[in-house]
Amino acid sequence: MERQSEAGRWDVTPSEAVELQRRLREQLVLRPPPGLKVERIAGADISTEKWKDTGFGGFVVLDLASLQPVAQSGAAVTLRFPYVPGLLSFRELPILEVAWARLSVRPDVVIFDGHGTAHPRRMGIACHGGLLLGIPSIGCGKSLLVGTHGPLGEARGSTTPLMHRGEVVGMAVRTRKGVQPVYVSPGHLMDLPTAVELVLAVSPKFREPETTRHAHRLVNALRRAGGEAAEVE
DNA sequence: GCGACAG
DNA sequence: ATCTTGTCGC
């Protein structure tokens, strides 16, 4: 029940956060638990307002077979860390940690809006989030933080390796014909092939995963509704 | 020193 | 990410 290590340590400066990532990296498991069966898969996202310091975050759990929502949770928390490329998890996870505690239905996998190992130190928000919550996780970003890749086929389902410093850190995946690809990378308790397979399974019609789309709508609705919902400081 | 830079 | 109206295209 207690989480490992310092994955939930938020009282750090950007400089300390970088060092913390180097330590957390050693705890990552880039392999799915043996016999992993995915019945429920969740999307996580946060929404912020310009000029304000409250972040609205949440999860939406979908039934993998039908892609219909079965549970959701949200939280409004004061932001305490700036957006710094490479340190996104320190800004968003404190909010998602609260929302996670309010989620009654546990998903088998969580897909984060951002990268996993496709990160300068291989510790993107999906990796950090997976360690924090102790659950298999996937990173699915809309743009690159690091890495390059070759030509990608036009058909839906086409993939090409995302390379960084000589390593395959993720995969560019075409989830829809004629549109820009999304970038998939494993977070924790996950591997690249499984991550790509799951992202394609939850993205039958649009560029982004249904999990992400649902979570995005949820947190935007929470933000527009205002901080009436119990806010956490 | 210069440019890049998830959300 | 957010700030913002209309507009092009399937």
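Values below: all heavy atoms of this structure, side chains included; hydrogens, waters and symmetry mates excluded.
Taking atom CG of A:Leu88 as the reference point, atom C1' of C:dT2 lies 15 Å away to the nearest angstrom. Whole-Å rounding puts the A:Lys50 NZ to C:dT4 P distance at 8 Å. Distance CG (A:Asp113) to P (B:dA6): 12 Å, rounded to an integer number of Å. Per the geometry, CG belonging to A:Leu93 stands 13 Å off C1' belonging to B:dA6, to the nearest Å. Between the CZ atom of A:Arg176 and the P atom of C:dC10 there is a distance of 11 Å, given to the nearest Å. Between the CZ atom of A:Phe90 and the C1' atom of B:dG7 there is a distance of 15 Å, rounded to whole Å. Atom NZ in A:Lys52 sits about 16 Å away from atom C1' in C:dA1, given to the nearest Å. When the P atom of B:dC5 is taken as reference, atom OH of A:Tyr183 falls 11 Å away, rounded to whole Å.
Checking the phosphate oxygens (OP1, OP2) of B:dG7, a side-chain nitrogen or oxygen of A:Lys142 falls inside 4.0 Å. Under 4.0 angstrom from either OP1 or OP2 of C:dT2 there lies at least one side-chain N or O belonging to A:Ser47. For the OP1/OP2 pair of C:dA1 and a distance below 4.0 Å, the side-chain nitrogens and oxygens of A:Asn220 include no atom meeting the criterion. A:His216 has a side-chain polar atom (N or O) that falls below the 4.0 Å cut-off from OP1 or OP2 of C:dA1. The side chain of A:Arg223 places an N or O atom within less than 4.0 Å of a non-bridging phosphate oxygen (OP1 or OP2) of C:dT2. OP1 or OP2 of B:dG7 has not a single side-chain nitrogen or oxygen of A:Thr48 nearer than 4.0 Å.
Relative ring orientation between A:Tyr183 and A:His149 is described as tilted, the plane-to-plane angle lying within the 30° to 60° band.
Between the side chain of A:Asp108 and the backbone N or O of A:Arg40 there is at least one donor-acceptor pair closer than 3.5 Å. Of the possible polar contacts, one joining the A:Arg207 side chain to the A:Pro181 backbone as a donor-acceptor pair under 3.5 Å is found.
In this structure, the aromatic ring of A:Tyr83 is not positioned over the six-membered ring of the base of C:dA1 within 5.5 Å between centres and 30° between planes.
Nucleic acid contact for A:Leu87: base, since at least one base atom lies under 4.0 Å from a heavy atom of the residue. No contact: A:Gly139 has no heavy atom under 4.0 Å from any strand. Contacts of A:Ile125 with the nucleic acid, taken as non-hydrogen atoms under 4.0 Å apart, include base atoms.
Residue A:Arg31 places its CZ atom among 12 or fewer non-hydrogen atoms of other residues, nucleotides or ligands, all under 6.0 Å distant.
In summary, the side chains of A:Arg217 and A:Asn220 do not present any donor paired with an acceptor at a separation below 3.5 Å, with no hydrogens or angles considered.
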